[in-house]
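For reference, the structure is listed below as structure tokens.
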Amino acid sequence: MPEGPSMVFLKEKLSPFIGQKVIEVNGDSPKLAIKKLLNLKITDIKTYGKEIFICFQEISVRIHLMLFGSYLINSKKDGKLKLGLKLKEGEINFYACNVSLITEPLDSLYDWSVDVMNDKWDREKAKNKLKDISDSLICDALLDQHIFAGVGNKLKDELLFDAKIHPESLVGKVPEKKIKAIFDIVVDKSFEYLKWDKEGRPDGFLKVHKQDLCPVHNIKLSSKTLGKTKRKTEFCEICQKLYK
DNA sequence: TAAGTTGTTCGGGG
DNA sequence: CCCCCGAACAACTT
């Protein structure tokens, strides 16, 4: 579930609960005092990259699904329930994820313009941050949540393939024109991912990630663990140009 | 079956 | 104080 588009999808699914009051709280997060959510009314649902927030008047619940987290709406399953909210009309259950409570205003903690799926996504800001890490590999840069909040390993592979950039390219050596192309593709890919997710085939948009053959050349794709992030990366040696 | 994975946080060492 | 690294955690698939 965990890349940004999946969280935007979840936000859409949770939006009908806005305005409803919590009538029961469950979950294995005693230290978090989640019980204090009882009787509070959901005021908003927000996302920031791979994080989702269920907002109340003076408190927000931050949920990050990490690698293995999951959720069920209006149903439940066996497993580590971290947070379960029963509302007037339905219930929301989160499993195996990070749950925390935030009492500060979210606007003071989060810069929404870093989220690639947010209307306020700021390319200039991203461009300047890339200048600070010109020695990094582009595959690492794309996974940097302080620059491209929401991009995960699947999007990373797909973005680089579409942009025709080799994952081991150095940020500072990638032509500015190509960087601009990445910015367009980041947004397009994210929303394409969202579209496929809504159709029930979240992996439908994948061309190279976890694939065998290059869709253009029909040759074997390369698969390497790269960069300081040490994430598996699939790419085509022919399609994707190395800038270094 | 054991290995791999859509991700992040923590502590220690340099 | 920063960066880097490895460990830890989690649930499901192949």
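As a basis for the values below, the full set of heavy atoms in this structure was taken, side chains included, without hydrogen atoms, waters or symmetry mates. In what follows, every chain begins at residue 1, and chains take the letters A, B, ... in the order their sequences are listed.
Note: CD1 (A:I63) to P (B:dT8) measures 15 Å, nearest angstrom. When the P atom of C:dA11 is taken as reference, atom CG of A:N93 falls 15 Å away, rounded to whole Å. Note: CG (A:L65) to P (B:dG7) measures 11 Å, nearest angstrom. Computed from coordinates, the A:N98 CG to C:dA11 C1' distance equals 14 Å when rounded to whole Å. Counting to the nearest Å, the P atom of C:dC4 and the CG atom of A:D140 are 10 Å from each other. One can place OH of A:Y95 at 24 Å from P of B:dT6, the figure rounded to the nearest angstrom. Taking atom CD1 of A:I133 as the reference point, atom C1' of C:dC2 lies 16 Å away to the nearest angstrom. Atom C1' of nucleotide C:dT14 and atom CG of A:D212 are separated by 14 Å, given to the nearest angstrom.
Inspection of the A:S169 and A:K244 side chains reveals no N or O donor paired with an N or O acceptor under 3.5 Å. For the residue pair A:H64/A:N98, the side-chain donor-acceptor check at 3.5 Å is not satisfied. For the 3.5 Å distance criterion, the side chains of A:K156 and A:N153 qualify, holding a donor opposite an acceptor. A:W112 and A:D119 form no side-chain donor-acceptor contact under 3.5 Å, judged by distance and modelled atom types alone.
Proximity of A:R231 to the phosphate of B:dT5: no side-chain N or O atom is located under 4.0 Å from OP1 or OP2. A close approach under 4.0 Å does occur between a side-chain nitrogen or oxygen of A:H209 and OP1 or OP2 of B:dT6. OP1 or OP2 of B:dT8 has at least one side-chain nitrogen or oxygen of A:K50 nearer than 4.0 Å. Within the 4.0 Å cut-off from OP1 or OP2 of C:dT14, not a single side-chain nitrogen or oxygen of A:K210 is found. One finds a side-chain N or O of A:K230 lying less than 4.0 angstrom from the OP1 or OP2 phosphate oxygen of C:dG6.
Taking every side-chain heavy atom of A:K80 into account, C:dA11 is the closest of C:dC5, C:dA11, B:dT5. The listed nucleotides are C:dC5, C:dA11, B:dT8; the one nearest the side chain of A:K228 is C:dC5.
Listed by residue number, A:Q145, A:G152, A:N153, A:K154 are the residues of residues 144-158 of chain A with a heavy-atom contact under 4.0 Å to DNA chain B. Of the residues in residues 161-172 of chain A, not one comes within less than 4.0 Å of DNA chain B through any heavy atom.
Counting heavy-atom neighbours within 6.0 Å of A:H217 NE2, excluding the residue itself, gives a total above 12.
Summarising the geometry of A:S223 relative to A:K232, their closest heavy-atom pair is OG-CD, 3.2 Å, with the distance given to 0.1 Å.
Base pairing of C:dG6 is made with B:dC10, judged by Watson-Crick or G-U wobble geometry with both donor-acceptor distances under 3.5 Å. Base pairing annotation: C:dA11 forms a Watson-Crick or G-U wobble pair with B:dT5, both donor-acceptor distances under 3.5 Å.
Relative to the ring axis of A:F191, A:K189 does not place its NZ or CZ within 45° and under 6.0 Å from the centre.
Shown here are the side chain to side chain contact (heavy atoms under 4.5 Å, CB included) partners of A:D44, two or more places apart in sequence or in another chain: A:I18, A:K46, A:C55.
Cluster annotation: A:L213 and A:L160 are assigned to distinct hydrophobic clusters (Ile/Leu/Val/Met/Phe/Trp/Tyr, side-chain heavy-atom contacts under 4.5 Å, transitive).
Note on ring orientation: taking the six-membered ring where Trp is involved, the planes of A:W121 and A:F148 are tilted (angle from 30° to 60°).
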